[in-house]
Amino acid sequence: MSFSGASSNIPPVVANYTAKGEHGKLGDIDCYFTGKKGSKRGIFVNYDAFRYHPNVFQICDILGSLGFYVLVPDLFRGKPLTVDDLGNPKVMEEFMGNRGSWKASKAYYIQGIEYLCNSGATSVGILGFCWGGKVALTGLQELNGLVGGAIVHPAMVTSDDFGKVKTPLLAMPFNDKDMDMFKRGFAELKTKSFGTQCRLESFVDVVYGFCGPRGDWTDPTIAKRVNDAIQLLATFFNDIMPN
């Protein structure tokens with residue numbers, strides 16, 4: 001994977017951050033928009049189970065500053081999960097079967113990708129965090145017209161999720177016990193025509209959700225690993241979506 005000059009301009013992340021993008025509507029759904037509208041390169045972002053957070057906005061703003069037009073729809077419509085919900089099997093079962101399912105998100109993916117294309121993007125990728133990584137991975141299997149996708153500390157991924165992926169994939173798993181499964185999945189991806197563009201990077205040395213609301217970016221070690229992740233994202237998206 002090549003190293004793009006644009007991705008060398010990534011600033012260090014900060015713990016107390018004010019988002020630089022704009023909030024608006026796309027149809028009947030609230031969205032966060034950042035970067036230059038009209039860019040030929042668009043990124044659709046699926047946040048994690050805790051919804052909007054300054055950490056996610058900051059990552060998206062940095063990608064926007066590198067020449068991408070970034071869209072983050074509020075797929076939960078203002079109703080995220082809580083930490084307590086994660087420990088409640090009944091709540092999680094209901095969540096994954098309803099508003100957390102691909103079925104509930106698919107129409108918003110299609111709408112968002114069409115919006116990015118209508119705004120000037122000639123290539124569109126997707127980015128998912130945690131639960132959003134699982135949904136984004138499904139999008140890479142089912143949707144046409146995408147050039148690739150990245151999943152950051154993805155949750156609930158299984159070995160069956162890789163075979164039908166139709167585009168280059170960057171994955172950043174957080175759990176050491178899942179690495180064998182990811183390695184098997186990427187071995188399968190490497191046999192595809194786009195296999196050389198796929199990349200697997202381990203982040204097992206940091207806490208789950210370090211790029212999202214759970215990440216304590218006042219910790220220099222966590223902040224450095226966040227910047228490592230952003231570097232990987234910038235390089236990957238630059239490679240699959242050249243100017």
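In this chain, residues are counted from 1 in sequence order. Being a predicted model, the structure only gives us computed values, none of them experimental.
Applying the side chain to side chain contact (heavy atoms under 4.5 Å, CB included) test between Gln231 and each of Asn227, Thr235, Asp228 identifies Thr235 as the sole match.
Partners of Lys166 under the side chain to side chain donor-acceptor pair (under 3.5 Å) rule, at least two apart in sequence or in another chain, are Asn144. For Tyr109, the ring-ring contact (aromatic ring centres under 6.0 Å, His included) partners two or more places apart in sequence, or in a different chain, are Phe44, Trp102. Residues passing the salt bridge (charged side-chain N to carboxylate O under 4.0 Å, His left out) test with Lys37, sequence neighbours excluded: none.
Crowding of Lys40 atom NZ: a count of heavy atoms from other residues, nucleotides or ligands under 6.0 Å not exceeding 12.
Contact check for Arg41 versus Asn238: side-chain heavy atoms found under the 4.5 Å cut-off. At least one side-chain heavy atom of Leu200 sits less than 4.5 Å from a side-chain heavy atom of Met179. The side-chain heavy atoms of Ile43 and Met241, taken from C-beta on, include a pair separated by under 4.5 Å. Between Phe203 and Pro173 there is no side-chain heavy-atom pair separated by less than 4.5 Å.
Among residues at least two apart or in separate chains, salt bridge (charged side-chain N to carboxylate O under 4.0 Å, His left out) pairs with a member in residues 138-153 are Lys106-Glu142.
Under the 3.5 Å distance criterion, the side-chain polar atoms of Tyr47 are matched with a main-chain donor or acceptor of Leu75.
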For residues 134-141, dump all side-chain donor-acceptor pairs below 3.5 Å to protein atoms at least two apart in sequence or in another chain.
from, atom 1, to, atom 2, distance (Å)
Lys134, NZ, Met156, O, 3.1
Lys134, NZ, Asp161, OD1, 3.2
Lys134, NZ, Asp161, OD2, 2.8
Thr138, OG1, Lys134, O, 3.2
Gln141, NE2, Asp161, O, 2.9

Residues 14-26, side-chain donor-acceptor partners within the protein, below 3.5 Å, at least two apart:
from, atom 1, to, atom 2, distance (Å)
Tyr17, OH, Asp61, OD2, 2.6
Lys25, NZ, Asp30, OD1, 3.1

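Between Tyr115 and Tyr69, the two ring planes are tilted [angle within 30° to 60°].
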